[in-house]
Amino acid sequence: MGETIKDLKRTHLCGEVTIEDNENKVTIMGWVQKRRDHGGVIFADIRDRSGIVQVVFNPDSGKELFDKADSLRSEYVVAITGKVEPRPEGNVNPELPTGEIEIKAEELRVLDAAETPPIQIEDNIDTGEDVRLKYRYLDLRRPKMTKLMGLRHQITKTTRDYLDNNGFWEIETPILTKSSPEGARDYLVPSRVNPGQFFALPQSPQIFKQLLMVSGMEKYFQIARCFRDEDLRANRQPEFTQIDMEMSFVNQEEVMEITEGLMKELFAVGNIEVPAKIKRMSYQEAMDRFGSDKPDLRFAMELKDLSEAVKDSDFNIFSGTVSSGGQVKGINFKGGADSPRSTIDGFEEYVKMFKAKGLAWMALREDELKSPIAKFLSDQEIEDIKEVMDAETGDLLLIVADKASVVASALGNLRLKIARENDLIPEEVYEFVWIVDFPLFEYDENEDRLAALHHPFTAPIDSDIEKLDSDPASVKSKAYDLVLNGEELGGGSIRINNHKLQEKVFSALSISEEEQQEKFGYLLEAFDYGTPPHGGIAFGLDRLMMIVGRTDSIRDVIAFPKTQKATSPLTNAPSVVDKKQLQELGISIRS
RNA sequence: GGAGGUGUAGCGUAGCGGUUUAACGCGCCGGCCUGUCAAGCCGGAGAUCGCGGGUUCAAAUCCCGUCUCCUCCGCCA
């Protein structure tokens, strides 16, 4: 049993005791980071979330106190009262903010003893993530993690302050809501009161925020938890947080403007400067030049179109692809001509993951042109390829021939892989870009129908509305994504605010009238009662945090994240439940 | 659903058929030490080598299966 605080009052945080407090009596409370016993003198580093301060125990302050200090171990929780003194000549520690002083202990209370922790509480540990997650409460004690949690608080606070200053109201929307077709798999929650029926956890508050616009709230935001039952990635968790906003009586420009102001303040928290006016790029240009709708603009290696140069080639794979409506494009890995064959084979394996059938290459070496395809190409064709690709001696040209979507994802991803592996991406460079002029729909091969590229509530641009029937695939939308360094920070759109138009879009998505009524009837009906033009945007707070916090794992910015199998090693969730619980819900498990 | 990687004291690694009684660093425990802050010196405890099966005279080491964690593809309006 530990001692109690009783009348003790914490006067200082560990990291905030300075030479200003010299000669003062202070009381700190925290964890024992480290005890250094020199026989005649004992040092103890005491840590709280603000930092570390050194406490000194001398024999002259009494045997009882000294013996107690001797019994301290790592992670004991203590309260210490003592006098702040400057450290003796030559013993200042410039590494610590509190390194000029130390606290000469007069009283020590052990508030709680501790077992030796399974992971060490310090920044640079190599401990596996499984162990860290199981003992997450210890992992979060590490200063690096503590700082990230503090940073996350700063970001959400800054968001609230900025949006409040701009007239937004924070409004909560339901967590228990209705399952919707379109989109990710829903997490379902059975209803005991309504056996056989289920709520769904929201994939986003999309429809509710639109209803709030119908409700006349005009400017809404929420730091909203969202749930998607899909497989995880380094930057994807099944529950994540969006900064979700919606405004009435605005156009695209106004949403983007208010957003840029928010970004400026949020990134300032991480000492990252956002340009006053973020540049814009059309979806088509992004796909053409970078093979991605979230281009990383920190380095070049752009995709170059070789279709014209090879359309009449004897090399059938190239000319045939062009004549059947596909593309031949390439990227230039500058200085990569001497890459070993195994590396190039690795590139080919990699593009095959993105459905490319192969990877053609030309290595422009000092003495020769090394390429398995050169013999099929005329000298003129080779020259044209080199010219289009701005190639010179020492370069490695990597070429994919396929339909446009495959070429884009194969080369777009290869571009990123090569850049990462060869350190072509500069550190601490932040390239923001708005991607605009998205198509409203994209073709879904699996389902053989059009699917919403953004979501089904996105408005088409005014001049394309008449093409919804005749040529839906060519319709552009009022959608916009904010991209930073190849990461989609957030996306939004101006929404449809009209019953008829919304029905038309649903129909283009092959959502039957019955399904429209059943799934979205309440939204369509709401539109009939006077709906303001509205639009908004949502940001992935966790991904934003990864950038501001300079970490590669989304798990580092979430206090209690899930593993890749969507489980929690800490709580052991998910778990089987009592038969009785299932019975109440009218659910039986098929085994 | 698929591909790849991973698993050896509390933590991180080495060992990759027999000279090993499984080694090293950190941590832990004990002793010495009055100025350390990656303290130092001396001593010590701690591992059925993820799990199951197989091959072999002999398996941490080879083979098969399985599980965990990580990265990626599919999926993520």
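Letters A, B, ... mirror the listed sequences (proteins, then strands); counts begin at 1. What you see below is based on every heavy atom in this structure, not just the backbone, and it leaves out hydrogens, waters and symmetry mates.
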Give the B/S/- string for nucleotides 32-39 of chain B, one per nucleotide from 5' to 3', where a protein heavy atom under 4.0 Å of the base yields B, of only the sugar-phosphate yields S, and otherwise -.
-BBBBB-B
Contact string for nucleotides 44-52 of chain B, one letter per nucleotide 5' to 3', B = base within protein heavy-atom range under 4.0 Å, S = sugar-phosphate only, - = neither, reads ---------
Using the side-chain heavy atoms of [X], tell me which of these nucleotides is nearest: [options].
| X | options | answer |
| --- | --- | --- |
| A:Thr127 | B:C70, B:G12, B:C28 | B:G12 |
| A:Pro118 | B:G10, B:A77, B:G1 | B:G10 |
| A:Arg236 | B:C11, B:G74, B:C69 | B:G74 |
| A:Arg185 | B:C75, B:G10, B:A77 | B:C75 |
| A:Gln120 | B:C76, B:C75, B:G27 | B:G27 |
| A:Ser74 | B:C75, B:C28, B:A77 | B:C28 |

Gap between atoms [atom1] and [atom2], on [X] and [N] respectively (whole Å):
| X | N | atom1 | atom2 | result |
| --- | --- | --- | --- | --- |
| A:Gln564 | B:G5 | CD | P | 15 Å |
| A:Glu421 | B:C72 | CD | C1' | 13 Å |
| A:Glu230 | B:A77 | CD | C1' | 11 Å |
| A:Leu414 | B:C73 | CG | C1' | 15 Å |
| A:Ile496 | B:A77 | CD1 | C1' | 13 Å |
| A:Phe520 | B:A77 | CZ | P | 13 Å |
| A:Phe354 | B:C72 | CZ | P | 10 Å |
| A:Asp126 | B:A14 | CG | P | 12 Å |

Is there a donor-acceptor pair closer than 3.5 Å between any side-chain N or O of [X] and the backbone N or O of [Y]?
| X | Y | result |
| --- | --- | --- |
| A:Thr571 | A:Ala573 | yes |
| A:Tyr480 | A:Gly491 | no |
| A:Thr177 | A:Pro174 | no |

Would you mind checking if A:Glu239 and A:Arg225 are paired as a salt bridge, meaning a charged N to carboxylate O distance below 4.0 Å?
yes
So, is the end of the A:Lys417 side chain (NZ or CZ) under 6.0 Å from the ring centre of A:Tyr350 and within 45° of the ring's axis?
yes
Separation between the [atom1] atoms of [N] and [M], rounded to whole Å:
| N | M | atom1 | result |
| --- | --- | --- | --- |
| B:U61 | B:U19 | P | 14 Å |
| B:U48 | B:A9 | C1' | 12 Å |
| B:C24 | B:G18 | C1' | 23 Å |
| B:G7 | B:G52 | C1' | 16 Å |
| B:G2 | B:G65 | P | 13 Å |
| B:C26 | B:A38 | P | 14 Å |
| B:C73 | B:C63 | P | 29 Å |
| B:C42 | B:A47 | P | 25 Å |

Checking side-chain polar atoms at under 3.5 Å, does A:His534 have a donor or acceptor matched by the opposite partner on A:Asn497?
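No, no side-chain donor-acceptor contact under 3.5 Å.
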Between the side chains of A:Asp437 and A:Gln284, is a donor N or O closer than 3.5 angstrom to an acceptor N or O?
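A:Asp437 vs A:Gln284: no donor-acceptor pair found between side chains.
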Quick check: any donor-acceptor pair below 3.5 Å linking the side-chain of A:Ser204 to the base of B:A77?
yes
Between B:G7 and A:Asp130, counting only base atoms on the nucleotide and side-chain atoms on the residue, is there a donor-acceptor pair under 3.5 Å?
no
Which is true for [X] with a 4.0 Å heavy-atom rule: it touches a base, it touches only sugar-phosphate, or it touches nothing?
| X | answer |
| --- | --- |
| A:Glu129 | sugar-phosphate |
| A:Thr567 | sugar-phosphate |
| A:Arg555 | sugar-phosphate |

Each base of RNA chain B marked ( ) or [ ] if paired in-strand (Watson-Crick or G-U under 3.5 Å), | if paired to another strand and . if unpaired gives (((((.((.[[[[.)..(....]]]].(((((.......))))).....[[[[[..)....]]]]]).)))))....
For A:Gly128 and A:Leu453, find the nucleotide of RNA chain B closest to each by heavy atoms; which residue's nucleotide sits nearer the 5' end?
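Nearest-nucleotide comparison on RNA chain B picks A:Gly128.
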On RNA chain B, does the nearest nucleotide to A:Arg233 precede the nearest nucleotide to A:Thr563 from the 5' side, or the other way round? Give the residue.
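Mapping each residue to its closest nucleotide by heavy atoms, the 5'-most match is A:Thr563.
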Can the ring centroids of A:Phe57 and A:Phe66 be said to lie less than 6.0 angstrom from one another?
no
Please tell me if A:Arg73 has a side-chain N or O lying less than 4.0 Å from either OP1 or OP2 of B:C29.
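Checking B:C29 against A:Arg73, a side-chain N or O does come within under 4.0 Å of OP1 or OP2.
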Does the side chain to side chain contact (heavy atoms under 4.5 Å, CB included) test come out yes or no for A:Phe560 and A:Leu133, once each step is laid out?
CA-CA 8 Å; A:Phe560 299 102; A:Leu133 288 184; over 6 Å; no
Check the orientation of A:Phe520 and A:Phe506. Use parallel for under 30°, tilted for 30 to 60°, and perpendicular for over 60°.
parallel
Side-chain heavy atoms of A:Val53 within contact of A:Ile101, under 4.5 Å
yes
Is it the case that more than 12 heavy atoms not belonging to A:Arg87 sit under 6.0 Å from its CZ atom?
yes
Among A:Ile511, A:Val505, A:Leu509, find the residue that satisfies the side chain to side chain contact (heavy atoms under 4.5 Å, CB included) test when tested with A:Gln516.
A:Ile511
Would you check, one step at a time, whether the test salt bridge (Lys or Arg N to Asp or Glu O under 4.0 Å) holds for A:Arg35 with A:Asp70?
CA-CA 8 Å; A:Arg35 182 191 59 124; A:Asp70 196 46; 3.4 Å; yes
